[in-house]
Amino acid sequence: MGGAPGGGWAALFAGHTKGFGGVDFSRDGSSLLSGGTDGVLRIFSLNDDTEAFSIANTNSTRIYDVEFSPNGEWVAWSTASANIYLRSLETSEQYLLPREHIDSVFDIDFTPDGLYLVSVSVYGQVIGGTLQHVKSCD
């Protein structure tokens with residue numbers, strides 16, 4: 001890891017204008033994913049303490065949870081508007097998953113093989129789905 005622990009984490013998150021909904025380390029520990037209540041998703045390189053990229057939600061809704069897929073191919077995030085997004089780290093293509101929740105999605109998680117994503121809403125509704133169809137989208 002670069003200078004983050006010794007130099008403090010605050011510098012890594014300077015780009016967010018409000019609080020945080022979630023953070024996640026990449027499996028290899030080289031990147032940190034953060035989702036802000038400002039509706040912005042950011043990936044920071046921990047090797048050199050720089051921002052690799054950021055994405056602002058088009059409706060600026062707060063981000064509640066963020067996850068790297070176990071294989072490192074995808075990042076996913078859930079929002080207060082009940083949406084779940086996927087972004088390919090290889091191609092930068094972004095997908096809005098079919099909306100199945102009726103309210104805020106507080107938690108998301110990939111299965112260990114990265115083929116499924118499970119989500120939990122504010123009402124305790126748990127939904128799981130395969131990501132195999134997403135990989136075939138072009």
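It should be emphasised that the depicted structure is a prediction, and the values quoted were computed from it without experimental measurement. All residue numbers refer to positions in the sequence shown, counting from 1.
- For the pair R42/L33, no side-chain contact is recorded, criterion being any heavy-atom separation below 4.5 Å from C-beta on.
- Across D38 and V40, no two heavy atoms sit closer than the pair OD1-N, 3.1 Å.
- When all heavy atoms of S26 and S30 are compared, the pair lying nearest together is OG-N, 3.2 Å.
- Side-chain atoms of D65 come within 3.5 Å of backbone N or O of I108 as a donor-acceptor pair.
- A donor-acceptor pair under 3.5 Å is formed between the side chain of D24 and the backbone N or O of F68.
- With a 4.5 Å cut-off on side-chain heavy atoms, L96 and N83 count as touching.
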(request) Apply side chain to side chain contact (heavy atoms under 4.5 Å, CB included) to the pair L97 and L117, showing each step before the final yes or no. (result) CA-CA 10 Å; L97 297 183; L117 187 69; 3.8 Å; yes
(request) Might you work through the side chain to side chain contact (heavy atoms under 4.5 Å, CB included) test for T79 and Y64, ending with a clear yes or no? (result) CA-CA 5 Å; T79 69; Y64 279 124; 5.9 Å; no
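- No single ILVMFWY cluster, assembled from side-chain heavy atoms under 4.5 Å apart, contains both F106 and I63.
- E90 and S88 share no donor-acceptor pair across their side chains, judged by distance under 3.5 Å alone.
- For S69 (side chain) and V75 (main-chain N/O), no donor-acceptor pair under 3.5 Å exists by modelled atom type.
- With contacts defined as side-chain heavy-atom distances shorter than 4.5 Å, the pair S121/D103 does not qualify.
- Looking at heavy atoms from C-beta onward, Q125 lies out of side-chain contact with V120 at the 4.5 angstrom threshold.
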(message) Working note: L86 + Q94, criterion side chain to side chain contact (heavy atoms under 4.5 Å, CB included); need CA distance, chi angles, decisive distance, verdict.
(response) CA-CA 6 Å; L86 274 179; Q94 188 171 307; over 6 Å; no
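- Scanning all heavy atoms of the two residues, the minimum distance from S104 to A80 falls at OG-O, 3.0 Å.
- Following chains of ILVMFWY side-chain contacts shorter than 4.5 Å, one can reach L41 starting from I43, so the two form part of one hydrophobic cluster.
- W77 and Y85 have parallel rings, their planes meeting at less than 30° on a 0 to 90° scale where 60° marks the start of perpendicular.
- Rounding to the nearest 0.5 angstrom, the gap separating the CD atom in E67 from the CG atom in D109 is 4.5 Å.
- Using a 4.5 Å heavy-atom threshold, the side chains of W74 and Y95 count as touching.
- The minimum heavy-atom distance between H101 and I84, with the atom names listed, is CD2-CD1, 4.4 Å.
- Of all heavy-atom pairs spanning V23 and S34, the tightest one is CG1-CB, 3.9 Å.
- G114 approaches P70 most closely through the heavy-atom pair CA-CD, 3.8 Å.
- Hydrophobic clustering, with ILVMFWY side chains joined whenever heavy atoms are under 4.5 angstrom apart, groups F110 together with V105.
- Remark: N47 CG to S31 OG distance equals 7.0 Å, nearest 0.5 Å.
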